[in-house]
Amino acid sequence: MLGRVRAGATLFLPNEDEMRRYEPEQIEKKWQNVWAREGAFNVANPEPADVDADVPRTYVLEMLPYPSGELHMGHVKNYTLGDVVVHFRRRNGEKVLRPMGYDAFGLPAENAAIREGGHPRAITERNIAAIRAQMRRMGWAIDWDRELSTHNPDYYRWTQWLFLKFYEKGLAYRREAPVNWCPVDQTVLANEQVIDGCCERCGAEVEQKSLEQWFFKITEYADRLLDEMDLLESWPERVLTMQRNWIGRSHGAEVRFRIADLDIDVPVFTTRSDTLFGATFFVLAPEHPLVAELVQGTAREGEVMDYVRQAAGRTTVERASAEREKTGVDTGRTITNPVNGAELPIWIADYVLLEYGTGAIMAVPAHDERDHEFATTFGLEIRQVVEPADGAAVELPYTDKSTDARALNSAEFSGLPIPEAIDGITAWLEERSLGEATVHYRLRDWLLSRQRYWGCPIPIVHCESCGTVPVPMDELPVLLPEIEDYVPKGRSPLAAAEDWVATSCPACGAEARRETDTMDTFVDSSWYFLRYADAHCDTLPVRREIVDYWAPINQYIGGVEHAILHLMYARFFTKVMNDLDLVGFREPFLRLFTQGMIYRDGAKMSKSKGNVVPPDALIDEFGADALRLYILFMGPAEDDVEWQDSGIEGTSRFLGRLWRVVHEVVDSESAGRASVASEGPLFHTAHETIAKVSDDLGRRFQFNTPVASVMALVNEISKAPDSPGARFACETAVSLIQPYAPHVAEELWERLGHERLWEHSWPAADASMLEHDTFELVVQVNGKVRDRAHVATGLDKDALVSMAISLPKVQSHLEGREVRKTIVVPDKLVNIVVG
RNA sequence: GCCGAAGUGGCGGAAUUGGUAGACGCGCUGGACUCAAAAUCCAGUGAGGUUCGUCCUCGUGCGGGUUCGAGUCCCGCCUUCGGCACCA
């Protein structure tokens, strides 16, 4: 760079301007090397004596990346956000753990291997190397000594270990069950991975299939997943709401209806036991096991069974969306209502779902929209048993269940407000053993088996005589076998590794076969954040005293798209591990921040849309610091924002201006123009900026406005680089921008004659500098601003009012009118109300 | 349908406790420097009016309301986005 020759020009020696141009490439490399060499952001695990020591510690974590090709803008935003928090907290004296890893198992690598050849491991590791290099180029303050990847046997050994612990506790079990099957990916999906009846990954319409599968009993933790939300410090309300909806707890009663002819009881679940007297028919889901028995040998058998077959042929999507018109068929049977002995006709209809409640309902058309629609379609009786508290006539269905409504035509319960009627009728049923209060959930158990190659093997052996037998803990890890062909054929590709599959039973020694399913990758990512605490431990997933020192995570940051899946699974794992005494806390993430997405041309950035902005190209052109600044300056971090190419030019210009201003001030000092004064407008502005940035980062968790205030400070310095406060203001600007632009900040800090800004404590605003001798008094007449005046602070109300009234512009608005009232906000505003 | 969030200049956004709407940035216009360009710097930039006065009126999705004063609080709508959805 130095001394380059320009065509047709005289030989240039680098002049001062050239040496001092802001060239991000060199300085970013320089400081990245320093930090890497020093392990500047590594933190040691505590020695036993330190555990109780009074050093404030913080665990800041962003969701780990899936190593798909390279880093995208969402990653840049996520990790830069975390980086600002890390630097801010470090410089505020906290010991901060901030690790990084890769969620390395999963379908995309396997599909790429099928498409392009090669081993999923090779593809994954190549991607990891690329991402790691990009992360270093971004200059993120990461403790690289704790790096992990979920596909390494050192890691998945402990995933398997945890699976076996869950198994021992009865929380991992195998059963045949109707499952969601993706015909394209040729694997099963958890309920959480089915979106509108389609595969979350590939969008194919999901089919139902019956298979032997492994499940985690997450339903056993449904109440704790809901109730322990109280332990969280700060989660976005909408994420909590999404989880609550997903768990879907509903309180009600199970009521037994009796089919006298067949001598059987059929339970139903209802949240409205108050409406039992209004039940006029009864409906079973088409898949309900009793259906065949009900109609066997009756005149209706053919018609009913035809309907059942039709319903079975309908996909989830059709059943949910296509025709909302109610269909159904009468079985000709009746069932007895336990509260009044009424005989109700039994129908079969697909608006009743086998998966929810008991797969059977009592239908109350007067007070339920769906039952009402069905009754109207098929001409069934509608019997009103709830009315408004004032007895007014209402249109049916009438679904109010608050105290504004009361029971009607309900024997001794008539007249009771609905909440009391619900309790009363439920108690009445319990006394007679006809039903009891129960709770139902929407949440289903977590289906974790996958019929794919690139995942963590399930450490189980199937033995003819012993059944499912866990692989002994000391034989872990069960290594993923090498195979040739990853193409899914409806069974797990692992089944092809015959030498691997064939084994002996750990219990009886007989010939046995290994489980060939692998685990859902969400299992891997449900505990990785704990492993970071003790990343190299080879006796346990993590040692209790170490994990309890760091975790739970103080600040977790990631995309809202994980609001349900990852975040709920991770909470479940943590709770189970707490019950197993492996960790001393019940919630993994005390504070959660969900960042918004980055759009371009109105759409999410994606290769197929061709609207991707690759971070590398921007780093080449503007440097990592300008990119880091822009990604956070764009708008509130939690909002979705539109990428604008010209935006990064703005933050790049800002860094250039900061660079020049610092050099001007340094030059000005060496020319002897420095002043030792400690008063002047720049001191005030600098201290105000410190206060503003500290408050935004520390209390408000707001990342865009600090950049704006530092920009304003730099603008002010550049207007008066010779003024007394210029050096202090420059140092302040550099120090405050350091979490955002650590490389250029470090370089300028050095040129200002200091060193190691990343370890320098965060500046503190001097309260006396935040006070002013004068302020701008706003004068309103009838609430409209009419004038402003510079006035000494601390004046009393009367003084302010008389000063306000004396202003000529105010006078002209007061003319001839009577002052009725004056409102004074001290040191701020006077409002004169005139008639 | 239910639940949640959000609507502010040409654009991204700021306004923290009800007290100066539009900070900061982008874009645009004009100017300086330059043979020229880039870079940089200076000035202007919500709309309309205007006697060009840092003068007036209007202005934060729409309609009402509370208040001396509302982008901010209340009531009713509209739109957009996200989640759930025949959940009994």
Side-chain angles (χ1 to χ4, degrees), chain A residues 17 21 195-196 236-246 248-250 252-253 255 268-272 275 283 285 319-321 324-326 349-353 355-364 367-371 373-374 440-442 560-561 563-564 594 596-597 629-630 633-636 638-651 653-654 656-657 660 692 695-696 699-700 702 704-715 718-719 776-788 809 812 820-825 828-834:
Chain A
D17 286 350
R21 185 173 301 148
I195 312 292
D196 295 330
E237 196 50 48
R238 68 183 165 144
V239 173
L240 295 176
T241 304
M242 280 160 70
Q243 293 208 357
R244 275 190 209 105
N245 289 344
W246 190 262
R249 177 162 69 190
S250 84
V255 185
V268 300
F269 175 72
T270 179
T271 54
R272 295 293 307 273
T275 62
V283 189
R319 213 165 138 169
S321 64
R324 307 210 74 178
E325 201 160 293
K326 297 277 181 290
D350 67 2
Y351 82 92
V352 175
L353 309 171
E355 316 86 75
Y356 186 79
T358 62
I361 62 158
M362 63 159 187
V364 185
H367 306 293
D368 180 280
E369 308 236 355
R370 297 150 298 172
D371 297 346
E373 192 190 333
F374 193 84
H440 274 259
Y441 304 89
R442 210 192 74 101
V560 74
E561 65 274 18
I564 296 171
T594 51
M597 281 200 288
L629 267 173
Y630 177 54
F633 181 60
M634 284 173 84
E638 63 270 35
D639 289 1
D640 292 342
V641 278
E642 179 87 15
W643 177 268
Q644 288 183 340
D645 291 325
S646 55
I648 190 169
E649 291 168 27
T651 53
R653 266 196 284 263
F654 159 67
R657 195 154 60 243
R660 274 192 311 280
K692 164 76 177 159
D695 187 50
D696 281 352
R699 182 180 62 87
R700 300 178 73 206
Q702 187 161 309
N704 52 335
T705 45
V707 180
S709 29
V710 177
M711 283 174 168
L713 175 61
V714 172
N715 290 344
S718 71
K719 283 179 190 134
E776 192 175 51
L777 176 70
V778 173
V779 183
Q780 299 180 332
V781 177
N782 286 348
K784 287 189 175 168
V785 179
R786 293 304 179 187
D787 204 1
R788 300 156 221 258
K809 277 180 209 153
S812 71
R820 289 202 176 155
K821 192 172 175 184
T822 55
I823 288 103
V824 179
V825 182
K828 196 160 215 169
L829 169 145
V830 170
N831 186 13
I832 300 161
V833 184
V834 294

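Note that the structure is a prediction, hence the values are computed from the model and not measured. Within every chain, numbering begins at 1; the chains are lettered A, B, ... in the order of the sequence lines, protein sequences first and strands thereafter.
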Query raised in the report: A:Y351 side chain: which of B:rA15, B:rC86, B:rC87 is closest?
Result: B:rC86
Query raised in the report: Looking at side-chain heavy atoms only, is the closest gap between A:M711 and A:T651 below 4.5 Å?
Result: yes
**Report entry** side chain to side chain contact (heavy atoms under 4.5 Å, CB included) between A:V785 and A:V779, intermediate numbers included
**Finding:** CA-CA 6 Å; A:V785 179; A:V779 183; over 6 Å; no
**Report entry** Test ring pair (Phe, Tyr, Trp, His ring centres under 6.0 Å) applied to A:W643 - qualifying residues, sequence neighbours left out
**Finding:** A:Y630
Report task. Take atom P in B:rG10 and the same atom in B:rG83, then report the distance between them in whole Å. Result -> 31 Å
Query raised in the report: Any side-chain N or O of A:R700 under 4.0 Å from OP1/OP2 of B:rA15?
Result: yes
Requested in this report: Start with the C-alpha gap between A:D371 and A:V283, add the side-chain angles, then the distance that decides, and say whether side chain to side chain contact (heavy atoms under 4.5 Å, CB included) holds.
Outcome: CA-CA 9 Å; A:D371 297 346; A:V283 189; 5.7 Å; no
**Report entry** Any side-chain heavy-atom pair of A:V778 and A:V830 under 4.5 Å
**Finding:** no
Report summary line: Rounded to whole Å, the CZ-C1' distance (A:F374 to B:rA88) equals 14 Å
Query - 5' precedence on RNA chain B between A:V825 and A:R699 (nearest-nucleotide basis) - result: A:R699
Can you check nucleotides 49-56 of chain B for protein contacts, nitrogen or oxygen pairs under 3.5 Å, and list what you find?
unit_1	atom_1	unit_2	atom_2	d
B:rC55	OP2	A:K809	NZ	2.7

Report task. Report the distance from atom CG of A:D695 to atom C1' of B:rA23, rounded to the nearest whole Å. Result -> 16 Å
Query - Separation of the C1' atoms in B:rG22 and B:rU60, to the nearest angstrom - result: 9 Å
Requested in this report: May I ask you to say what A:Q702 touches in the nucleic acid, namely base, sugar-phosphate or nothing, with a heavy-atom cut-off under 4.0 Å?
Outcome: sugar-phosphate
Query raised in the report: Can you tell me if the side-chain N/O atoms of A:K784 get under 4.0 Å from OP1 or OP2 in B:rC58?
Result: yes
Report task. Would you name the heavy atoms of A:F269 and A:T358 that are closest together and state the gap between them? Result -> N-OG1, 3.9 Å
Query raised in the report: Which dot-bracket notation, 5' to 3', represents the base pairing of RNA chain B when pairs are defined as Watson-Crick or G-U with both distances under 3.5 Å, crossing pairs as [ ], and inter-strand pairs as |?
Result: (((((((..(((......[....)))((((((.......))))))((((.....))))..(((((..]....))))))))))))....
Report summary line: Looking only at heavy atoms, the pair that brings A:M242 and A:A563 closest together is CE-CB, 3.4 Å
Query - For atom CG of A:L713 and atom C1' of B:rA23, their distance in whole Å - result: 14 Å
Report task. Look at A:N715 and B:rG25 and indicate whether a side-chain polar atom (N or O) is within less than 4.0 Å of OP1 or OP2. Result -> yes
Report task. Would you please say whether a donor-acceptor pair under 3.5 Å links the side chains of A:R442 and A:N245? Result -> no
Requested in this report: Based on the glycosidic angle (syn within 90° of 0, else anti), state the conformation of B:rG69.
Outcome: anti
Requested in this report: Let me know the distance between CD of A:E642 and C1' of B:rG27, rounded to the nearest Å.
Outcome: 15 Å
**Report entry** Whole angstrom value for the distance that separates P of B:rG13 from CD1 of A:I648
**Finding:** 17 Å
Query raised in the report: At under 4.0 Å between heavy atoms, what does A:N704 touch on the DNA or RNA strands: base, sugar-phosphate, or nothing?
Result: sugar-phosphate
So which protein N/O to nucleotides 40-47 of chain B N/O distances come out below 3.5 Å?
unit_1	atom_1	unit_2	atom_2	d
B:rU40	O3'	A:R660	NH2	3.0
B:rC41	OP1	A:R660	NH2	3.1

Query - Within 45° cone and under 6.0 Å: A:K326 NZ/CZ vs A:F374 ring - result: no
**Report entry** Heavy-atom check, side chain of A:Q780 versus side chain of A:I832, under 4.5 Å
**Finding:** no
Query - Rounded distance in Å - OH (A:Y356) to P (B:rC86) - result: 12 Å
Query raised in the report: Quick one: does A:M362's side chain get under 4.5 Å of A:V255's, heavy atoms only?
Result: no
**Report entry** Interatomic distance, A:D639 CG vs B:rG4 P [rounded to whole Å]
**Finding:** 19 Å
Report task. Answer whether the closest heavy-atom distance between the side chains of A:T822 and A:N831 falls below 4.5 Å. Result -> no
**Report entry** Nearest-Å distance once atom P is located in both B:rG13 and B:rG7
**Finding:** 9 Å
Query - Integer angstrom distance from the C1' of B:rA21 to that of B:rG59 - result: 9 Å
Query - Flag for A:T705-A:Q702: side-chain donor and acceptor within less than 3.5 Å - result: yes
Query - Donor-acceptor contact present, side-chain A:D368 to main-chain A:R370, <3.5 Å - result: yes
Below 3.5 Å between N/O atoms, which protein atoms pair up with nucleotides 79-84 of chain B? Just atom names and distances, please.
unit_1	atom_1	unit_2	atom_2	d
B:rC84	O3'	A:R442	NH1	3.0

Query raised in the report: Are any side-chain N or O atoms of A:D640 and backbone N or O atoms of A:G596, one a donor and one an acceptor, separated by less than 3.5 Å?
Result: no
Query - Proximity to the side chain of A:S646 - top-ranked nucleotide from B:rU16, B:rG19, B:rC26 - result: B:rC26
Query raised in the report: Between B:rG19, B:rG12, B:rC86, which one does the side chain of A:F633 approach most closely?
Result: B:rG12
Query raised in the report: With side chains defined as the heavy atoms from C-beta onward, is the minimum distance between A:Y351 and A:E373 less than 4.5 Å?
Result: no
Query raised in the report: How far, in whole Å, is B:rU8 from B:rA70 if one measures between their C1' atoms?
Result: 14 Å
Query raised in the report: C1' atom, B:rU80 versus B:rU17: distance in rounded Å?
Result: 30 Å
Query raised in the report: When you measure from the side chain of A:V641, which nucleotide among B:rA88, B:rG13, B:rC24 comes out closest?
Result: B:rG13
Query raised in the report: Looking at A:Q644, does any N or O in its side chain come under 4.0 Å of the phosphate oxygens OP1/OP2 on B:rG10?
Result: no
Query - Contact summary for A:N782 and A:V834, nearest pair of heavy atoms - result: OD1-N, 2.9 Å
Query raised in the report: Can you tell me how far P in B:rG61 sits from the matching atom in B:rA43, rounded to whole Å?
Result: 32 Å
Query raised in the report: For the side chain of A:N704 and the backbone of A:M634, is there at least one donor-acceptor N/O pair under 3.5 Å apart?
Result: no
**Report entry** Whole angstrom value for the distance that separates C1' of B:rG18 from CG of A:L829
**Finding:** 12 Å
Report task. Determine, for A:E638 against A:R238, whether the closest basic-nitrogen to carboxylate-oxygen distance falls under 4.0 angstrom. Result -> no
**Report entry** Euclidean distance for C1', B:rU54 against B:rC62 (whole angstrom)
**Finding:** 34 Å
For nucleotides 64-68 of chain B, print each protein N/O atom paired with a nucleotide N/O atom at under 3.5 Å, atom names and distance only.
unit_1	atom_1	unit_2	atom_2	d
B:rC68	OP1	A:K821	NZ	3.3
B:rC68	O2'	A:N831	ND2	3.3
B:rC68	O2	A:N831	ND2	2.4

Query raised in the report: For A:M362 and A:M711, take the nucleotide of RNA chain B holding the closest heavy atom to each; which residue's nucleotide lies nearer the 5' end?
Result: A:M711
Report task. Look at all strands and tell whether A:P636 reaches a base, only sugar-phosphate, or nothing, counting heavy atoms closer than 4.0 Å. Result -> sugar-phosphate
